[in-house]
2 protein chains.
Amino acid sequence: MTRKGATLELAVLGLLHESPLHGYELRKRLNLLLGWTRLLSYGSLYPALKRMLRAGWINEVTTVSPGVSRRQRIVYQISPAGTEFFSREITDAGPAAWEDENFNMRFAFFSRTESDVRMRILEGRRSRLQERLDRARTARGERAGDRYVTELQRHSIESVEREVRWLTELIDAERALKGTNPQVVREPITAPTEFS
Amino acid sequence: MTRKGATLELAVLGLLHESPLHGYELRKRLNLLLGWTRLLSYGSLYPALKRMLRAGWINEVTTVSPGVSRRQRIVYQISPAGTEFFSREITDAGPAAWEDENFNMRFAFFSRTESDVRMRILEGRRSRLQERLDRARTARGERAGDRYVTELQRHSIESVEREVRWLTELIDAERALKGTNPQVVREPITAPTEFS
DNA sequence: GTTAGCATGTAAGGAGTTACATGATTTT
DNA sequence: AAAATCATGTAACTCCTTACATGCTAAC
């Protein structure tokens, strides 16, 4: 099936992989992690958590000993099924991985990916942007009418070009890394941050 | 009311303002004009045209003399009500104008806007991005964990900074222009391009 | 004559927002 | 004691995409 919109679900699983969290905190972290243009709303997060509960990817752990705060909260933790799903999805380097909505999230979890997967995603992303660039460049020549339109097109093209250069640097770095160390780069798991 | 999603409608009206067009051609031009990340689909354009017909903003002009091609097409032209609506919306320099989805479109039609409106939209857009930047910058300090996450944040911040610089240049240019010529900058209307 | 591109649509469904609703806890 | 922020949710609605359906016309 490979639901197109598993972005949110995957990001949640990725965060819960590090430490259990409750909804409110999850939302804050998601907004920091992925530079979403609009902030993620509760109306979108909470239903997603319910869906994930039903799917068996996460478990509800109603607060036992909340530590500092005596405020009751619903804490979620990732289940084995969730871990399995996350790993499977994160391994997939298909077109979905380099689409606009997914790419940032995939990149954010690159530490949990094999080097080849990273490469294929970065290269896929780059050629996607390259296509867009080609279209934009030919379009520019055609109608040199309004000066604001022209300026907008110029700036858009420059932005995408910059993005492409960034990807090229990353690809080169990845290739260099691959040469020296063919293994997966495993970051040491940081100690679960205490959510206050 | 100020429907949030009038973006598409406004863009269509803006294009029809220059010359009557049929749906297929409209879609192509919209995709060029606004650098939408995904191409606009027919499933979104055609229903929008129907809505606009019902609203009385456009008229259907089933092809009379198609010129070069003898292919029958449904050509739309803007109505007085549509012109009125477009002018009213394009004059509004409220928050909606500098949101992500709207800003590019508004900018593309800047030639049909007063200098003060342009200024307010550019400045609104800039402070919106500035806020985003502040949030991102403070976020960055907190968790210097994963190197890919760090790189993503660095790059995002740099992109927004670049955007802010661009807006600043535009604002300065606009201010200089305002000093010399307080009137609206009217581009000569380019001759309606013959759609083949 | 067949393929590629032109041209117009509809139906079902996904993903998320806004607005509403409620209440606890912490800070001032 | 009030205000801010934490915390969790639901319902209605919007906008768009995908996939389907259909047929014309130009070029090879």
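Treat the numbers as computed from the prediction; the structure is a model and nothing was measured. Note on naming: letters A, B, ... go to the chains in the order of the sequence lines (proteins, then strands), and numbering restarts at 1 for each one.
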Trainee: Distance check needed: D:dG9 C1' versus A:His22 NE2, whole Å only.
Mentor: 14 Å

Trainee: Does B:Arg38 pair with A:Glu101 as a salt bridge, N-O distance under 4.0 Å?
Mentor: yes

Trainee: Starting at atom OH of A:Tyr46, determine the distance to atom P of D:dC6, rounded to an integer number of angstrom.
Mentor: 12 Å

Trainee: If only side-chain N and O atoms of A:Ser44 are considered, is one of them under 4.0 Å from the OP1 or OP2 phosphate oxygen of C:dT17?
Mentor: yes

Trainee: Sequence neighbours left out, what passes salt bridge (Lys or Arg N to Asp or Glu O under 4.0 Å) with B:Lys28? Give chain and number order.
Mentor: B:Glu25

Trainee: Could you state the CE-C1' distance from A:Met105 to C:dA15, rounded to the nearest angstrom?
Mentor: 16 Å

Trainee: For B:Trp166, enumerate each residue passing the side-chain contact (heavy atoms from CB on, under 4.5 Å) test, keeping only those at least two apart in sequence or located in another chain.
Mentor: A:Glu151, A:Leu152, A:Arg154, A:His155, B:Phe103, B:Phe107, B:Glu163, B:Leu170

Trainee: Over how many whole Å does the gap from B:Lys50 atom NZ to D:dC15 atom P extend?
Mentor: 19 Å

Trainee: Please give, in whole Å, the distance from D:dC15 P to B:Leu40 CG?
Mentor: 13 Å

Trainee: Of the options C:dG16, D:dT17, D:dG9, whose atoms approach the side-chain atoms of A:Ile74 most closely?
Mentor: D:dG9

Trainee: Can you label the angle between the A:Phe86 ring and the A:Phe109 ring as parallel, tilted or perpendicular, going by 30° and 60°?
Mentor: perpendicular

Trainee: Grab the CD-P distance between A:Gln72 and C:dT25 for me, whole Å please.
Mentor: 8 Å

Trainee: If the cut-off is 4.0 Å, is B:Tyr24 near the phosphate of C:dC6, judged by side-chain N/O to OP1 or OP2?
Mentor: yes

Trainee: Measure the distance from CG on A:Leu49 to P on C:dA15 and round it to the nearest whole Å.
Mentor: 15 Å

Trainee: Between P on C:dA19 and CZ on A:Arg38, what's the gap in Å once rounded to a whole number?
Mentor: 11 Å

Trainee: Any pair with a residue in residues 113-138 of chain A that passes ring-ring contact (aromatic ring centres under 6.0 Å, His included), sequence neighbours left out, goes on the list, sorted by first then second residue, please.
Mentor: none

Trainee: Out of D:dC16, C:dT17, D:dT8, which nucleotide sits closest to the side chain of A:Arg73?
Mentor: D:dT8

Trainee: How sharply is the helix from C:dG1-D:dC28 to C:dT28-D:dA1 bent, taking the axes over five pairs at either end and rounding to 10 degrees?
Mentor: 40°

Trainee: Would you indicate what B:Leu39 reaches in the nucleic acid, counting non-hydrogen atoms under 4.0 angstrom: base, sugar-phosphate, or nothing?
Mentor: sugar-phosphate

Trainee: Using residues 41-48 of chain B as the side-chain source, report each donor-acceptor pair under 3.5 Å to any protein atom, sequence neighbours left out, with the distance given to one decimal.
Mentor:
from: B:Tyr42; atom 1: OH; to: B:Arg27; atom 2: NH1; distance (Å): 3.2

Trainee: Not counting sequence neighbours, which residues clear side-chain contact (heavy atoms from CB on, under 4.5 Å) with A:Arg165? List them please.
Mentor: A:Glu161, A:Arg162

Trainee: For B:Arg120, give me all partners under side-chain contact (heavy atoms from CB on, under 4.5 Å), at least two apart in sequence or on another chain.
Mentor: B:Ala93, B:Val117

Trainee: Reckon A:Arg27 has a side-chain N or O less than 4.0 Å from the OP1 or OP2 of D:dC6?
Mentor: no

Trainee: For B:Glu60, what residues pass the side-chain contact (heavy atoms from CB on, under 4.5 Å) criterion, not counting sequence neighbours?
Mentor: B:Leu53, B:Thr62, B:Ile74, B:Tyr76

Trainee: Which atoms of nucleotides 19-23 of chain D (N or O only) lie under 3.5 Å from a protein N or O atom, and what are those distances?
Mentor:
from: D:dG23; atom 1: N2; to: B:Arg71; atom 2: NH2; distance (Å): 2.4

